Amino acid sequence: MLIDLDLLRAHGGTIHTYDSHDYIFQIEETPRCYYQIVSGDVKLNYTNEDGKELIQSLLTKGESVCELLLFVDHKYPVNAVTMSDCTIMKVPKVEFLHMLDEHPRAAIDVRTYISKTLYQKFIMMQNIASTSAEERIKGTLKYFKSFFPDKTPFSYEVKLTRQQFASITGLRTETVIRTLKKLEKEGFVKIEDRKVYF
DNA sequence: ACATTAAGTGGTG
DNA sequence: CACCACTTAATGT
């Protein structure tokens, strides 16, 4: 949990519930609130000029949603879409900023969180900049698993659908499917009941 | 049982 | 690889 819920509540925070596939905010909207996921999964996405969805990042409980936009004067560059039923703590921007002034600990946590996610962005950018689909997928798998404590082979199950995986790597779902099968033959991943283990 | 979504296959450019 | 067409498997109501 990035910031204690009671602290957020004490600064104007309120709980909101969303159904799966709801928009928390959309591209071009002006950021006015801090959002912290209490439960559920959220994706940040946008549609490219070809009409293809590209996922910028995946967020889960405890994380905040595009909080960095509260520190700069820009509109949202992505949509925030729920991927499941969600409950989210929402705090008005002004009160959130006041809270950071009054609680250095929270300010440090936010700074650390932003740094961490920015670092992850660097890693993903390098993965996606790879020329071959195989390297992109390998890199993305390693990236995902890096967040899990169990480092033993095939201990990590990819929870994403092939389609979502494609939207993250910028590849076609057919390419993801075929490459994944190729990686299975190479022993890089294991596939059981259509589930991918790495 | 029927509709919908995801996985998988073949073939073309 | 992307893109298109289509089949098969899995899920949902």
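If you're wondering where the values come from, they're calculated on a predicted model, not measured in any experiment. By convention in this document, chain letters (A, B, ...) are assigned in the order of the sequence lines, proteins followed by strands, and residues within each chain are numbered from 1.
Spacing between atom CG of A:Asp19 and atom C1' of C:dG12 amounts to 16 Å, rounded to whole angstrom units. If you take NZ of A:Lys159 and C1' of B:dA7, they are 18 Å apart, rounded to a whole angstrom. For A:Gln163 and C:dT11, the CD to P distance is 15 Å, given to the nearest whole Å. Rounded to whole Å, the distance from CZ on A:Arg194 to C1' on C:dT11 is 11 Å. A:Phe165 places its CZ atom 12 Å from the P atom of B:dA7, with the value rounded to the nearest Å. Whole-Å rounding puts the A:Ile191 CD1 to C:dA9 P distance at 16 Å. Atom pair A:Asp85:CG and C:dG12:P shows a separation of 13 Å (rounding to whole Å applied). Straight-line distance from the NZ atom of A:Lys195 to the P atom of C:dA9: 18 Å, rounded to whole Å.
A continuous path of Ile, Leu, Val, Met, Phe, Trp and Tyr side chains, each step under 4.5 Å between heavy atoms, connects A:Phe25 with A:Leu2, placing both in one hydrophobic cluster.
Within the 4.0 angstrom heavy-atom criterion, no nucleotide atom of any strand lies near A:Gln164.
A:Ser84 and A:Ser20 share no side-chain donor-acceptor pair at under 3.5 Å.
Within the 3.5 Å criterion, the main-chain N or O of A:Thr60 finds no donor-acceptor partner in the side chain of A:Asp41.
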Take A:Tyr143 and A:Phe147 through the test ring-ring contact (aromatic ring centres under 6.0 Å, His included) and record every step on the way to the result. CA-CA 7 Å; A:Tyr143 167 77; A:Phe147 301 115; 5.1 Å; yes
Contacts under 3.5 angstrom, residues 177-194 of chain A side chains, donor-acceptor by atom type, not counting sequence neighbours:
residue  : atom : partner  : partner atom : Å
A:Thr179 : OG1  : A:Thr175 : O            : 2.7
A:Lys182 : NZ   : A:Glu134 : OE1          : 2.8

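Remark: A:Lys145 is positioned above the aromatic ring of A:Phe198, its terminal NZ or CZ atom under 6.0 angstrom from the ring centre and at most 45 degrees off the axis.
Within residues 170-184 of chain A, the residues that place at least one heavy atom under 4.0 Å from DNA chain B are, in residue-number order, A:Glu174, A:Ile177, A:Arg178, A:Lys181.
The phosphate of B:dA7 (OP1 or OP2) has a side-chain N or O of A:Arg162 nearer than 4.0 angstrom.
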